[in-house]
Number of protein chains: 2
Amino acid sequence: MVVYAGQGDPRRSIELLWRGSVVESRPGPKPGLSVDAIVDAGIAVADEQGIAFSMRAVGERLGRTAMALYTYVPGKNELVDLMYDRTMSELPGAYSLDDGWRPAVTQWAHDMWEFYGRHPWVLQVSQARPVLGPHEFAVIEALAAILVSTGLPGRQLRGIVGAINYFVRGAAQTITEARAAGGATGEADEEWWYARSAVLMELEPELDKKFPMLHVLENDREPIDPSLPYLENDALENFRSGLLVLLDGIEAAVAKP
Amino acid sequence: MVVYAGQGDPRRSIELLWRGSVVESRPGPKPGLSVDAIVDAGIAVADEQGIAFSMRAVGERLGRTAMALYTYVPGKNELVDLMYDRTMSELPGAYSLDDGWRPAVTQWAHDMWEFYGRHPWVLQVSQARPVLGPHEFAVIEALAAILVSTGLPGRQLRGIVGAINYFVRGAAQTITEARAAGGATGEADEEWWYARSAVLMELEPELDKKFPMLHVLENDREPIDPSLPYLENDALENFRSGLLVLLDGIEAAVAKP
DNA sequence: CAGGTTACTTTACGGCGTAAGGAGTGGCAA
DNA sequence: TTGCCACTCCTTACGCCGTAAAGTAACCTG
């Protein structure tokens, strides 16, 4: 299932995202934790365990119980919001337009691709949630800044920003899943994939005849980087060639009246 | 969190997906349920509650306990696999190429768009899982059949199929979320959205200055269909204009040497 | 008609997010 | 200096979840 980020109290979430924690002198024991520390711990845990991490696990990493976190953060949904935005701060806020928009968009897309590879759990946060945090804004702003330089109108740019964003996310998700597949069971992704397709071939030997066009799609394969596992090569190739098509589409839109 | 479909025993999953239930005369009480009935009930429950439906809810809809389902289906993951593939049977298996590939791809994309609107939970099943079931194959086969007619090589087609698929999924997810946003609390999506952006404007009044390019992106808006809610109009417009860019990109690839 | 297989139930376990209440800390007003 | 009380953090507990285990009753086959 999906964690819907942005489901908590909007005011509280947005305050946490934009204000940071305001430190005053206050009665009571000195806080041993902080929102920042909790968000960092959450990211570390999620990098290892995925979005299905538990509040207990985050607390444990900080030497506290799960309930201690609730002093700083309203709940798991809000924590995910904060983690989501925090990780995005790893990404550049602007790209050079010296060589035009095309290399800049390409760089943006590759940066996102690698980012998702570092933090696969980000892809498991609902991708349709509204943009909320400052770093998230900055990432989209960076892409928008590149594309505005094409001179296309807002109406078209919105579609293009969406298309690029969805495409990179989707492509990254295939490679993420390829890596994670064996994760739980410890199988390498190759083995896991072959186990499934072997069973499929056994049960449905005429598969190629039933879906001839899919068979055609399988032609013309050669690894980009032979040191990478098969599925990763595949995902990388699809990412690159799909991105080229998208960029050509933008170029066509720019060239038109 | 994400339900990873295809995490169960591969043989059992694939047998259920491709073989259907084999009926023999057997000792013991007559089965009151069937895999089909369970899958249908699961789809109905998921249409209402999303992917976070419970086995208890599915059982209840059939007048049984949750545990009764385990006689027919190995677990929730496998049930989701079956539900996923079953819903895909709603989609056409082939498209007319009389007017060329472009209208056919457009129709495919719109059919998918509406399909996701009917079954939003499908978008919450990990999008990167390997294709497993016959109807899922058929849907991709239909798209592949259209695109093979362009004469492009497999290498490029794989990227294109991926790009279209990711784009449609992503675009559909935004509208799905727009609809679901108020769902839990009963707010209309408009109100929910405005509540959030109002708080954001209050806390960060200089937002437009901080992210000027995003502000540019907001220009040039007019509703496609004024009877639709604001956010749905937005999503629909982005879907259509993004798709045009993608199609232009394919056209450019076809025109090239 | 017995035996064994099957459908389905009840009960239970270990996980989850988090509500409620209690213990101890330490700044500040009296 | 004292005592209040806001504060952090803990323990306990509740109601969910998926599903393992074991029991009950139905039915086909010998």
Side-chain angles (χ1 to χ4, degrees), chain A residues 1-5 7-9 12-13 21-38 41-42 45-46 49-83 121 124 184, chain B residues 1-5 7-9 12-13 21-38 41-42 45-46 49-83 121 124 184:
Chain A
M1 61 206 96
V2 168
V3 167
Y4 281 107
Q7 296 287 57
D9 174 30
R12 183 75 191 274
S13 277
S21 46
V22 183
V23 188
E24 304 159 358
S25 170
R26 293 198 299 183
K30 299 235 164 87
L33 295 177
S34 65
V35 174
D36 279 1
I38 291 171
V45 172
Q49 310 185 4
I51 200 70
F53 72 90
S54 73
M55 296 296 274
R56 286 166 172 92
V58 177
E60 200 165 348
R61 173 171 279 257
L62 295 164
R64 304 293 139 95
T65 65
M67 291 312 294
L69 310 180
Y70 285 84
T71 308
Y72 301 87
V73 152
K76 190 184 175 183
N77 283 330
E78 288 82 359
L79 175 55
V80 169
D81 272 351
L82 296 172
M83 289 162 52
W121 56 270
Q124 300 175 337
Chain B
M1 59 204 99
V2 167
V3 166
Y4 281 108
Q7 294 288 54
D9 173 30
R12 184 74 191 275
S13 278
S21 45
V22 183
V23 188
E24 305 161 355
S25 170
R26 293 200 297 184
K30 297 229 167 93
L33 295 178
S34 65
V35 175
D36 279 0
I38 290 171
V45 172
Q49 310 186 2
I51 200 72
F53 71 90
S54 72
M55 295 297 273
R56 286 167 172 89
V58 177
E60 200 165 347
R61 172 172 280 256
L62 294 164
R64 304 294 139 95
T65 66
M67 289 313 292
L69 310 179
Y70 285 83
T71 308
Y72 301 87
V73 153
K76 190 183 175 185
N77 283 331
E78 288 81 357
L79 175 55
V80 170
D81 272 351
L82 295 173
M83 288 162 52
W121 56 269
Q124 300 174 339

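Chain letters run A, B, ... following the sequence lines, proteins first, then strands; residues in each count from 1.
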Please report the shortest heavy-atom distance between A:Leu69 and A:Gly59, naming the atom on each side. CD1-N, 3.9 Å
More than 12 foreign heavy atoms under 6.0 Å from CD of B:Glu60: is that the case here? no
How close do B:Ile38 and B:Val58 get, heavy atom to heavy atom, and via which atoms? O-CG1, 4.1 Å
Give the rounded distance in Å between these two atoms: CG of B:Leu62 and P of C:dA7. 15 Å
Do A:Arg56 and C:dG15 share a donor-acceptor pair, side chain to base, under 3.5 Å? no
Separation of D:dT19 atom P from B:Tyr72 atom OH, nearest Å, is 18 Å
Closest heavy-atom pair, A:Ala37 versus A:Ser34, reported as atoms and distance to 0.1 Å, is N-OG, 3.0 Å
How many whole angstroms separate atom CZ of A:Phe53 from atom P of C:dT18? 10 Å
Heavy atoms of B:Arg61 and B:Val45 approach each other most closely as NE-CG2, 3.5 Å
Whole-Å distance separating the CD atom of B:Glu60 from the C1' atom of D:dC16: 14 Å
d(CE, A:Met55; P, D:dC16) in whole Å: 20 Å
Interatomic distance where CE belongs to A:Met67 and P belongs to C:dC16 [whole Å]: 14 Å
Respond yes when some side-chain nitrogen or oxygen of A:Thr71 is under 4.0 Å from OP1 or OP2 of D:dT8, and no when none is. no
Starting from C1' on C:dC16, measure out to CD1 on A:Ile51 and report it in whole angstrom. 15 Å
Spacing of A:Leu33 atom CG relative to C:dT25 atom C1', expressed in whole Å: 15 Å
What nucleotide, of C:dC16, D:dT19, D:dC7, holds the atom closest to the side chain of B:Tyr70? D:dT19
I'd like to check A:Met83 versus A:Phe53 (side-chain heavy atoms, cut-off strictly below 4.5 Å). Are they in contact? yes
Can you tell me which nucleotide in C:dT18, D:dC9, C:dC8 comes closest to the side chain of A:Ala68? D:dC9
With the side chain of A:Arg64 defined as its heavy atoms from C-beta on, choose the nearest nucleotide among D:dA26, D:dC10, C:dG17. D:dC10
Taking only the side-chain nitrogens and oxygens of B:Thr65, find out if one of them lies under 4.0 Å from OP1 or OP2 of C:dC8. no
Is the shortest heavy-atom distance from the side chain of B:Asp36 to the side chain of B:Tyr72 under 4.5 Å? no
Restricting to nitrogen or oxygen on both sides, can you table the protein-nucleotides 27-30 of chain C pairs closer than 3.5 Å?
none

